[in-house]
There are 2 protein chains.
Amino acid sequence: MLIHELTAAQCEEVLDRSSVGRLACARNDQPYVVPVSLYFERSEKVVYGFSALGQKIDWMRGNPKVCVEVDEIHEQLHWTTVVAFGRYEEVGHSAEESEARRRAFELFQQRADWWLPGVGKLTTGEEHATPVIYRVRVATMTGRRATRAERR
Amino acid sequence: MLIHELTAAQCEEVLDRSSVGRLACARNDQPYVVPVSLYFERSEKVVYGFSALGQKIDWMRGNPKVCVEVDEIHEQLHWTTVVAFGRYEEVGHSAEESEARRRAFELFQQRADWWLPGVGKLTTGEEHATPVIYRVRVATMTGRRATRAERR
């Protein structure tokens with residue numbers, strides 16, 4: 001198995017085709033990671049997501065430093081992983097945010113089948129019914145890909 | 001879709017059958033999450049793993065608070081996720097640790113096909129060649145499962 005680093009463009013390609021990733025946040029040096037639906041807006045280097053109110057949103061409001069990880073694990077010797085560090089921001093309801101909000105919904109609708117982890121909570125009625133639309137502004141990104149030696 | 005909380009026993013079952021998870025650590029409130037091979041020792045409530053030296057090990061040595069997430073995403077309305085908070089510890093080479101080390105290797109060997117992300121780096125020669133054996137002592141664990149309403 002050979003492992004090589006991905007270029008920035010390759011990292012973006014992996015993010016671009018990922019509909020599920022893991023989002024990590026932290027409070028008082030305790031990390032917390034959950035699976036999320038995600039939507040990468042390549043031109044802005046922004047990951048959009050949404051979530052019902054709950055622990056994840058509480059923590060990210062308190063500390064906007066987050067990490068997004070996506071991967072494609074095909075088999076033991078053939079996998080790719082991309083890790084992005086960035087900053088959590090909520091997409092509000094102000095006039096200046098209306099374009100970002102429109103774009104976020106457009107992305108969500110392209111992958112309506114993956115709305116689930118974020119919206120599912122709503123159906124239980126256990127948490128606040130208005131999902132939060134957020135974005136992660138990607139600051140740095142690294143990626144690694146493993147391939148069988150003979151395939152190179 | 002209905003979402004229900006898993007019992008502690010159900011969380012353990014999911015961890016028990018997971019060979020890949022995501023491990024999050026944090027430094028200066030910046031979380032970092034990567035995919036890892038993992039091996040749950042149910043009787044001890046410990047997750048064993050191993051890794052080449054690198055950013056993940058550096059960060060966990062600096063701050064042992066970690067989070068392990070595993071999931072089974074079958075389809076949009078049918079998924080399970082378990083999140084465990086715990087403490088990172090290295091399994092050293094002392095006499096007292098020999099049994100833990102033996103047990104860790106036994107678990108690794110049961111799933112030799114999933115040694116890869118942790119050991120792959122070794123083949124590149126870019127990092128130290130002796131993998132670190134570690135364990136995460138699980139302190140708390142929560143899980144959620146989504147099912148189609150009609151299946152209940």
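This structure is a prediction, so every number in the text was calculated from the model and none was measured. A, B, ... follow the sequence lines: proteins, then strands. Residue 1 opens every chain.
Tracing side-chain contacts under 4.5 Å through hydrophobic residues (I, L, V, M, F, W, Y), one reaches B:Y32 starting from B:V47; they form part of the same cluster. The hydrophobic clustering, which links ILVMFWY residues whose side-chain heavy atoms are closer than 4.5 Å, places A:V138 and B:V33 apart. Both A:I57 and A:L38 sit in one connected hydrophobic cluster of ILVMFWY residues. Membership requires side-chain heavy atoms under 4.5 Å apart, directly or through other members.
Residue A:D29 touches chain B through both its backbone and its side chain, counting heavy-atom pairs closer than 4.5 Å.
At least one side-chain heavy atom of A:D71 sits under 4.5 Å from a side-chain heavy atom of B:R22. Counting only heavy atoms from C-beta outward, the side chains of A:T81 and B:V34 never approach each other to under 4.5 Å.
Interface summary for chain B: among A:C67, A:A24, A:P31, the most heavy-atom pairs under 4.5 angstrom belong to A:P31.
Within residues 82-90 of chain B, the residues approaching chain A closer than 4.5 Å by heavy atoms are, in numerical order, B:V83, B:F85.
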